[in-house]
Amino acid sequence: YVDAAFAQSGGAASTFSGTISSGAITSTGKIQGTELEGTSLDINGSATFDTDVNSGGFIYHKNSNANSAAYTSLVIQSDVGAAEIWRNSSTRTQTGGAAQSFNIYNNQDTNIWSGGTRALHLDTSQNATLAGKLYIGSVAATATAVTGLFLGASNEVKKRALGSNA
């Protein structure tokens with residue numbers, strides 16, 4: 001029985017229209033189309049997500065569950081264990097994070113880099129090491145005059161009026 005929904009050319013190519021119900025589909029070539037939808041994605045090996053747009057290439061990570069306790073998490077695994085970045089939901093406060101908080105977890109040191117330099121180092125004893133200066137005040141160091149605390153290199157600690165490129 002041949003239906004109009006199936007067409008085969010003289011070569012090995014076949015064209016199907018409509019929905020195809022199947023078990024596992026294996027391909028040795030490229031799967032092409034505008035959308036691939038499924039309930040999970042398992043990639044054995046490296047993955048590249050490429051976009052050709054003039055804005056950013058975004059990976060949008062969303063928990064579509066409408067429940068207020070539904071949070072979203074990204075777990076990064078290597079040979080030394082896992083690290084996690086997560087955003088709590090409007091009511092979830094597990095793991096010590098406040099509701100709606102953005103959180104980073106690592107069972108080893110955690111670093112934030114800027115301009116090729118480790119700007120902030122947090123060790124497993126909860127000590128923080130800064131590569132630059134630390135300004136503590138209610139406004140940025142270049143805003144209008146506000147008194148703040150300045151911590152710099154060589155054990156510098158100063159009370160300082162912030163405002164003129166402090």
Side-chain angles (χ1 to χ4, degrees), residues 27-166:
S27 174
T28 57
K30 186 178 199 179
I31 299 173
Q32 294 179 310
T34 58
E35 182 176 332
L36 177 63
E37 184 176 328
T39 57
S40 68
L41 176 63
D42 184 7
I43 299 173
N44 297 317
S46 298
T48 300
F49 297 92
D50 190 6
T51 183
D52 186 13
V53 294
N54 289 330
S55 62
F58 299 101
I59 297 176
Y60 187 70
H61 191 270
K62 177 182 178 182
N63 184 337
S64 59
N65 183 321
N67 185 307
S68 64
Y71 69 102
T72 184
S73 175
L74 175 65
V75 177
I76 303 164
Q77 180 78 40
S78 75
D79 63 331
V80 296
E84 183 176 11
I85 299 171
W86 74 95
R87 170 74 191 262
N88 276 341
S89 66
S90 60
T91 61
R92 183 178 186 271
T93 58
Q94 283 88 341
T95 63
Q100 302 178 25
S101 63
F102 179 77
N103 303 276
I104 299 172
Y105 165 79
N106 189 20
N107 65 354
Q108 299 296 319
D109 293 359
T110 300
N111 300 292
I112 297 176
W113 293 77
S114 174
T117 300
R118 183 171 61 180
L120 175 61
H121 172 78
L122 304 170
D123 69 21
T124 57
S125 298
Q126 285 67 56
N127 296 312
T129 304
L130 296 168
K133 299 174 182 174
L134 173 65
Y135 296 93
I136 301 171
S138 60
V139 296
T142 57
T144 57
V146 169
T147 301
L149 180 62
F150 168 77
L151 305 173
S154 304
N155 300 319
E156 268 183 289
V157 179
K158 297 178 183 177
K159 180 179 176 184
R160 189 173 220 184
L162 304 176
S164 58
N165 262 347

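This structure is a prediction, so every number in the text was calculated from the model and none was measured. Side chains are part of it too, since the values below use all heavy atoms of this structure and drop only hydrogens, waters and symmetry mates.
- A distance of 11.5 Å separates CZ in R118 from CD1 in I112, rounded to the nearest 0.5 Å.
- Considering every non-hydrogen atom in both W113 and N111, the closest pair reads NE1-CB, 3.5 Å.
- Across every non-hydrogen atom of I85 and F102, the tightest pair is CG2-CZ, 3.4 Å.
- A search for side-chain hydrogen bond (donor to acceptor under 3.5 Å, both in side chains) contacts involving N106 returns nothing, not counting sequence neighbours.
- In terms of heavy-atom proximity, Y105 sits nearest to A82 at CE2-O, 4.0 Å.
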Side-chain donor-acceptor contacts of residues 124-132 below 3.5 Å, not counting sequence neighbours, with atom names and distances?
residue : atom : partner : partner atom : Å
Q126    : NE2  : T124    : O            : 3.3
N127    : ND2  : D123    : OD2          : 3.3

